[in-house]
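Written below as structure tokens is the structure these notes are about.
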Amino acid sequence: VGGGLVVAQGALVTFPIGSCSSSPRYRYSSMSYCPIGARAPAVVSASAVRVGKTNTMAAYARRVGFGSVSRGVTAAVATWAGPRPVAVPVASIVAPGVASAMTRGFGRRHASVFASNAVAEPDASSADGPAPVPIKLLTSDESEELLKIRHTTAHICAMATQKLFPTAQCTIGPWIDRGFYYDFYYPEGFSDKDLKLIKKQMIKIINKDYPLRREEVTRAEAERRIKEINEPYKLEILESIKTEPITIYHIGDEWWDLCAGPHVESTKQIHPKAIDLESVAGAYWRGDETRPMLQRIYGTAWSTPEEMTAYNEFKLEAARRDHRKLGKDLNLFSIQQEEVGGGLVFWHPKGALMRNMIENFWKDLHLQRGYDLLYTPHVGKADLWKTSGHADFYAENMYKPIQVEDEMYQLKPMNCPFHVAIYKDGYFSYKDLPIRWAEMGTVYRYERSGTMHGLFRVRGFTQDDAHIFCLPHQIADEILGVLDLTEEILGQFGFTDFEVNLSTRPEKSVGDDAIWEKAEGALIESLNRKGWAYAVDDGGGAFYGPKIDIKITDAIGRKWQCSTVQLDFNLPERFDLQYVDAQNVKQRPIMIHRAIFGSLERFFGILTENYAGAFPLWMAPTQVRLLPVTDTVTPYVEEVQRKMREAGIRVDITTNERLAKLVRNAEKQKVPVMCVVGEQEAADGTLTVRTYADGDQGAFAMQDVIDRIVVANKGKKEKF
């Protein structure tokens, strides 16, 4: 590993540290790093109407203490977010101790106006009409029809662009999850105004009802045609196509492209009100920063205008939940690109506190499930990464080696070789297996500046890494244990809807047929015993072993790749790992790589967006905010704070503002529990409670409030 580097095992220390790679070239591993984006929501409402004044009045009334109303989710998202609480009459929420403060100034003058408008937005249970018809926004993988629509729309986009900008050269234009993109070589660049012009031209093409025609040509004929229209990037694409004949798709007799399809039959099958051009970005040709910079136009396409409207509403809701904005608004974390560097996360006190709670929960549960904890260095000898294979398969994502005296060291991109080093430092009998080692390990990977995205893609991050060394007949039981632990951990954070994929042996692999058959059979057995439905990706496994990937679904229906369980026959061979069997013969152990969060930073970003920053009570950085109405109650408020802190409750006090503003500020910070304290509360030893989730709760004895929050903390409950 390297001199002066400490490797700790079985250590009960509280600071963090990672997960390993799990694919043949590592970069494709969900444990290495997961894709930035997420899939479209499962269901949104057809009647995606914004409520306007009612919504504004409701929000204002809520902020000043008049009832539990909408949190600003549009009606489309509200349909599947669940029913909203309705506003509470003014008289029912004003406790005796705060009545004078609430009605003085704001109250008498405005209460009747705003209280009458403080009504919830229409929801699915409204008596005014039938519930909105749910619309399922499918991905391209889920709908052949949408895939064809999006692919054809990409071609229409390219045709329209070249009509308006004849010097723009075409490269590639694939469909993606919720739309498409097309890359052009056009050094002048496209503006937002240009996108509007291109969209108008696209609609003209659609309305002309051009047929789409497939043509097969020889390689020589394709090359001749490409040279004739001066498309050098298409010529390079042609050279990369190894099969024949070459297929071309025509839009009428006006435009053509190298393409394997599929497409719709006519441009008229694209609804002009169900498409949009969303943005333009830079992208290097072939992803190589030494090649020319291209202009990438992103777009979306749907079957109907209703789907387009629902998708737009989904985008608004996703923007409201953006973890980058919420991280700044709630003072959780920052990435200080100019001063420090891109892709490096600074955890602020509130975010660090939450991270510590997540890590402690993770560690405690692992210890209960028979794991031992490890801590390993952040650097190691460069030769270690040559032995592991990372230097060959993962070099482009690794930082350059560091010279230390006369040796070369490497910032670690993975934790697995260090866990292997600990195994090699011991002597194990078959009676010692299985061995389960877990680590919160920080790793460092090179990401191009254009690919980084908040917490979702960074250069330094922590993986919840674990490795299991076991005997072949123990695989199924160990995998089942991992699945149970995954379900328990993710479920605690509100994720219970999983998509599971089993990837099997690829054409090129290491290990004999018998061990692959046994390993795949063990994965299938564990999934069947778990009772989880799963899809099989034949040949999609890593060259060194089959794997299980688990996607979670968030509150607005997006799917995120997080958890991976990967068998590995390669590293035990490369590092000559051994155990002694019952006949005193040395054998190779089976190695299982496993991550549940994947990346802690990325998971925190997902968590933030899932809850829109309104975290469950048990993990909120500030659980209770005390809001004194007058300075005369300060001694009582300070006593409440002291008792709450003694009970392990995270509490603060805010003063020196009108009550309306105190409540509004607490709501903006999404504090789960607000306790208003006036003279009457101080005299009675009570607190008037308002929660972010459910609005006004009424007056409680101080100790009752403390007891309820203590119970919520112990049970990791979401609400007061």
What is the distance from atom [atom1] of [X] to atom [atom2] of [Y], rounded to the nearest 0.5 Å?
| X | Y | atom1 | atom2 | value |
| --- | --- | --- | --- | --- |
| D183 | R296 | CG | CZ | 4.0 Å |
| L197 | L164 | CG | CG | 6.5 Å |
| E313 | L137 | CD | CG | 11.0 Å |
| L294 | Y233 | CG | OH | 5.5 Å |
| E223 | T218 | CD | OG1 | 9.5 Å |

Electrostatic pair [X]:[Y] at N-O distance under 4.0 angstrom:
| X | Y | value |
| --- | --- | --- |
| E487 | K530 | yes |
| R291 | E236 | yes |
| K315 | E278 | yes |
| K208 | E254 | no |
| K547 | E520 | no |
| R321 | D554 | no |

Sequence neighbours left out, what passes side-chain contact (heavy atoms from CB on, under 4.5 Å) with [X]? Give chain and number order.
| X | result |
| --- | --- |
| D257 | H155, Y182, K234, W255 |
| P245 | E216 |
| E228 | R224 |

- Task: Take atom CG of D288 as the centre, draw a 6.0 Å sphere, and report whether it contains more than 12 heavy atoms from other residues, nucleotides or ligands.
- Result: yes

- Task: Could you tell me which residues satisfy salt bridge (charged side-chain N to carboxylate O under 4.0 Å, His left out) with K325, sequence neighbours excluded, listed by chain and number?
- Result: D329

- Item | Y186 ring center near F165 ring center (under 6.0 Å) | yes

- Query: Taking the six-membered ring where the residue is Trp, are the ring centres of F569 and Y544 under 6.0 Å apart?
  - Reply: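 Centroid distance F569-Y544: not below 6.0 Å, so no.
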
- Message: Applying side-chain hydrogen bond (donor to acceptor under 3.5 Å, both in side chains) to R150 and S140, what does each step give before you reach the verdict?
- Response: CA-CA 8 Å; R150 289 162 181 163; S140 298; 3.0 Å; yes

- Show the numbers, then the answer: is there a salt bridge (charged side-chain N to carboxylate O under 4.0 Å, His left out) between K551 and E499? CA-CA 5 Å; K551 294 178 181 177; E499 179 182 300; 3.8 Å; yes

- Going by distance alone, is a donor N or O of one side chain under 3.5 Å from an acceptor N or O of the other, for N312 and T309? no

- Qualifying side chain to side chain donor-acceptor pair (under 3.5 Å) pairs, either residue in residues 195-207, two or more places apart: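 Passing the test, one end in residues 195-207: K199-D276.
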
- Item | Partner residues of R219 under the side-chain hydrogen bond (donor to acceptor under 3.5 Å, both in side chains) criterion, sequence neighbours left out |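 Expected list: E244.
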
- When E609 is tested against each of R320, R324, H323 for side-chain hydrogen bond (donor to acceptor under 3.5 Å, both in side chains), which residue passes?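 For E609, the side-chain hydrogen bond (donor to acceptor under 3.5 Å, both in side chains) test succeeds with only one of R320, R324, H323, which is H323.
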
- Message: Whether the side chain of E317 engages the backbone of F314 through a donor-acceptor N/O pair (distance < 3.5 Å, no angle test) should be reported.
- Response: no

